[in-house]
Amino acid sequence: MAFFLVEPITACALTLACLGAPAQPAGSSFELRMQTVDGRASSVSLQCQPAGGTHPDRAHACAELAAVDGDFENIHSNPEACTLIYQPVDVSVEGHWRGKPKTFTASYGNPCLAAVSSNGIFDF
């Protein structure tokens, strides 16, 4: 009988929930894609808190997303100039920001405009 009492106590002692540890914030991760009209596609992954993934500037991208609480539609543009060469691209995002599902799609006149309009998030 004592064995059955010890087992739940041991299991409880090995879990953080039983110890009253604070819950960890839900993670943030995204798959970002860019596709040209001729079918060429590229994609990167991005994890935040901590920054990780295959995005070339993870820390900057995560800082930009943190400033707008993960809302891609509220990202401020970078004031850089782009050439006026028309090479349209479609971008899309699927993932989660602090546990909440997030999606985003947009079309830009060329890859530079995608990068500038997203303050570097779509610069890959």
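Nothing here was measured: the structure is a model prediction, and the numbers come from that model.
- Nearest approach of R33 to S43, heavy atoms of both residues: CG-CB, 3.8 Å.
- Residue E94 places its CD atom among 12 or fewer non-hydrogen atoms of other residues, nucleotides or ligands, all under 6.0 Å distant.
- The minimum heavy-atom distance linking F30 with G95 is given by the pair CD2-CA, 3.9 Å.
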Checklist line | Worked verdict on S117 versus Y108 for side chain to side chain contact (heavy atoms under 4.5 Å, CB included) | finding: CA-CA 9 Å; S117 296; Y108 299 98; 3.4 Å; yes

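- Sparse packing is recorded around NE2 of H76, with 12 or fewer heavy atoms of other residues, nucleotides or ligands lying under 6.0 Å away.
- The shortest non-hydrogen separation linking Q87 to P111 is O-CD, 3.7 Å.
- The closest side-chain donor-acceptor pair between E31 and S45, if any, does not fall under 3.5 angstrom.
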Check: What do the steps show when you test L65 against L46 for side chain to side chain contact (heavy atoms under 4.5 Å, CB included), and what is the final call?
Finding: CA-CA 11 Å; L65 288 168; L46 176 65; 3.7 Å; yes

Next item on the list: Check the pair D57 / D123 against side chain to side chain contact (heavy atoms under 4.5 Å, CB included), numbers first and verdict last.
Entry: CA-CA 9 Å; D57 196 353; D123 190 9; over 6 Å; no

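- Checked by atom type, the side-chain pair N119/E64 shows a donor-acceptor distance below 3.5 Å.
- Counting all heavy atoms, side chain and backbone alike, Q47 lies closest to S29 at CG-CB, 3.8 Å.
- A salt bridge is defined here as a Lys NZ or Arg NE, NH1 or NH2 lying under 4.0 Å from an Asp or Glu carboxylate O, and K102 with D71 fails to meet this definition.
- Residues L113 and F104 are members of one and the same hydrophobic cluster, defined by side-chain heavy-atom contacts under 4.5 angstrom among Ile, Leu, Val, Met, Phe, Trp and Tyr.
- When atom types are taken as modelled, the side chain of N110 and the backbone of I85 share a donor-acceptor pair closer than 3.5 angstrom.
- Scanning all heavy atoms of the two residues, the minimum distance from N74 to V68 falls at O-CG1, 3.2 Å.
- Relative ring orientation between F72 and F122 is described as tilted, the plane-to-plane angle lying within the 30° to 60° band.
- A114 approaches M34 most closely through the heavy-atom pair CB-CE, 4.2 Å.
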Next item on the list: Output, in order, the C-alpha distance, side-chain angles, deciding distance and verdict of side chain to side chain contact (heavy atoms under 4.5 Å, CB included) for V91 and L32.
Entry: CA-CA 7 Å; V91 298; L32 291 82; over 6 Å; no

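- Note on I75: it clusters hydrophobically with V89, by side-chain heavy-atom contacts below 4.5 Å among ILVMFWY residues.
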